[in-house]
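Take a look at the structure below.
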Amino acid sequence: MHPQLRSDLELLPQLLEEARQHAAAFLTGLDGRPVLPEGEPPAPVPLPEPGIGLRGALAEFTARWEGSLSGSAGPRYLGFVTGGVTPAALAGDWLTATLDQNSNSSLDPAGQQLERETVGWLRACFGLSAAQHGTLVSGATMSNTVGLAIAREWLGERLGVSPAEDGVAALGRVRVLSGAAHSSIAKGLSILGLGRGALLPVATLPGREAVDVAALERELARQPGPCVVVANAGTVNTVDFDDLRAIAALRERHDFWLHVDAAFGAFAALSPAHAHLVDGLDLADSICVDLHKWLNVPYDSAVQFSRRQDLQARVFRNSAAYLSPSPAAGPGVARGAEPDLVHLTPENSHRLRALAAWFTLRAYGRAGHQEIVERCVAGARALGEAVAGLAGLRLLAPVRLNVVCFTLAERPTEQRLAALARAVGQEVFLTPTVYQEVPALRAAFSNWRTTEDDVRRVVDALEPALAKAG
Ligand SMILES: *Cc1c(COP(=O)(O)O)cnc(C)c1O
């Protein structure tokens, strides 16, 4: 064994204790760190010849890199839709690496069984029935892509072909109808060989990002054959929700696969006051939910649900003599049976991603996660009210859930908004967007640590920055 490896192995408990102390100090100091540090990150250097051991690597990481990394784990990183990591999720993630499982077959079954238990808990959180099978993937983009891949196979089933076996050309032109689809839908369509051009935008309701269901029905009536509808449950700009029940009811008259992108919107189900927003979610054929956002587990984690695990196994089937028996090809495969995970997702090998979610769900329960959701919503409401009350700012949409979309009252150019975001960047991280052709900023609340105090700090940072911006 290399001497550095041997020495680290001998000192393992001590070195892990040092790493743990380092992590604890980082988390304790999170509130005092700049949310977005100024200055450039270090320039990459070639790998130095001699190794320096774990202790040396930790010291070098701390000196060279740590200071330039953002406070994205903290309570005022409100850019994109960024969750934090609950204490239990953090411990779960540490153990994920510690145990280093790659359980995706019944030859070594415990890990995949733990994932199944976790999926059942998630299903209960989102009010889904047992008909929704679930698997964990690396993020909502991958979850949407998997959902669309199953939809693609369903289209094949309708037409009597299998894109998984015969290629996408067997399908001819595919149409995917959606109101305000997330950018990852187009990316998924590109990956799947359906093409970004397959996406057909449907009119949204006036002043809203929710699809106009009557317009959707008119578009469906124009389709020559079966198609795919992507419904949105929580859009990134204004957290608008399509009427899922009304869309699902259109299947009585039109033939389509219903995929719902509920990346963070699904968490509305945890709050009795907001659960109506995702009414009908269970009627979907496939559903995307991110876990590294509002569940507050570390990256990379999301779940994808689908009612047609048989089609999913047809797409992702991975046959090799050394793996577990695969579900046979052909119609009706694996219906009712539980295929091994190796046959259900784009990855073969993968970490025991479910463990962090398992830990946080078991530690805090539904009620704990409901409290996170409701506190985030209250924070967004409070910031929304403050923004509406500031002379220099203007709310662009009502705060429906956890995002505040706002702009400058005067001359809202991209440059002026970027300058404002930079001016407050030590205290709060906001990201730019364009909503209804108006450049804007978004503040998205999804970190379990964020409190009223943080909202006050954000407002206290915005006020002088606005005065300076003039
Ligand atoms: C964040 C998000 C995605 C993409 O999620 P990743 O985890 O970044 O892949 C997709 N859809 C919606 C609605 C989102 O908010």
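Reckoned from all heavy atoms, side chains included, excluding hydrogens, waters and symmetry mates. By convention here, the first residue in the shown sequence is residue 1.
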Can you confirm whether the side chains of [X] and [Y] place a donor and an acceptor under 3.5 Å from each other?
X      : Y      : answer
Ser103 : Asp108 : no
Thr135 : Glu115 : no
Ser178 : Asn232 : yes
Asp282 : Ser129 : yes
Gln113 : Glu117 : no
Thr82  : Ser72  : no
Thr235 : His182 : no
Asn104 : Gln112 : no
Thr204 : Glu209 : no
His133 : Gln312 : no

Which value, rounded to the nearest 0.5 Å, describes the distance between [X] atom [atom1] and [Y] atom [atom2]?
X      : Y      : atom1 : atom2 : answer
Glu371 : Arg366 : CD    : CZ    : 14.0 Å
Leu69  : Arg33  : CG    : CZ    : 7.0 Å
Ser301 : Asn296 : OG    : CG    : 11.5 Å

Next item on the list: State which residue, out of Leu122, Leu352, Leu114, fulfils the side chain to side chain contact (heavy atoms under 4.5 Å, CB included) condition with Trp358.
Entry: Leu114
Next item on the list: From the options Thr96, Leu99, Leu136, select the one residue that forms a side chain to side chain contact (heavy atoms under 4.5 Å, CB included) with Arg351.
Entry: Thr96
Check: Given the rule in the side-chain contact (heavy atoms from CB on, under 4.5 Å) test, do Val315 and Leu311 qualify, once you have shown the distances and angles that lead to the verdict?
Finding: CA-CA 6 Å; Val315 177; Leu311 295 178; 5.7 Å; no
Notebook entry, point to check: Does the side chain of Trp294 reach to within under 4.5 Å of the side chain of Asn402, using non-hydrogen atoms?
Noted result: yes
Looking at every heavy atom in both [X] and [Y], which two are closest together, and how far apart are they?
X      : Y      : value
Val455 : Leu383 : CG1-N, 3.8 Å
Val289 : Ile287 : CG2-CG2, 3.9 Å
Ala444 : Phe80  : CB-O, 3.0 Å

Notebook entry, point to check: Pick from Phe264, Phe267, Trp121: which one makes a ring pair (Phe, Tyr, Trp, His ring centres under 6.0 Å) with Phe126?
Noted result: Phe267
Margin query: Check the orientation of Trp257 and Trp154. Use parallel for under 30°, tilted for 30 to 60°, and perpendicular for over 60°.
Written below: tilted
Notebook entry, point to check: Can you say whether the rings of His292 and Tyr299 are parallel (under 30°), tilted (30 to 60°) or perpendicular (over 60°)?
Noted result: tilted
Note to self: Set out, in order, the CA-CA distance, both residues' side-chain angles and the distance that settles side chain to side chain donor-acceptor pair (under 3.5 Å) for His369 and Thr360, then state yes or no.
What the structure shows: CA-CA 9 Å; His369 282 276; Thr360 197; 3.0 Å; yes
Notebook entry, point to check: Going through the distances and angles, do Arg308 and Glu153 end up as a salt bridge (charged side-chain N to carboxylate O under 4.0 Å, His left out)?
Noted result: CA-CA 10 Å; Arg308 291 294 304 276; Glu153 198 62 17; over 6 Å; no
Next item on the list: Applying side chain to side chain donor-acceptor pair (under 3.5 Å), run through His22 and Glu17 and close with a yes or a no.
Entry: CA-CA 9 Å; His22 185 89; Glu17 180 53 26; over 6 Å; no
Checklist line | Residues that Arg76 engages under side-chain hydrogen bond (donor to acceptor under 3.5 Å, both in side chains), provided they are two or more places apart | finding: Asp31, Asp454
Checklist line | Stepwise side chain to side chain donor-acceptor pair (under 3.5 Å) check, Asn144 with Asp261 | finding: CA-CA 7 Å; Asn144 276 329; Asp261 181 354; 3.1 Å; yes
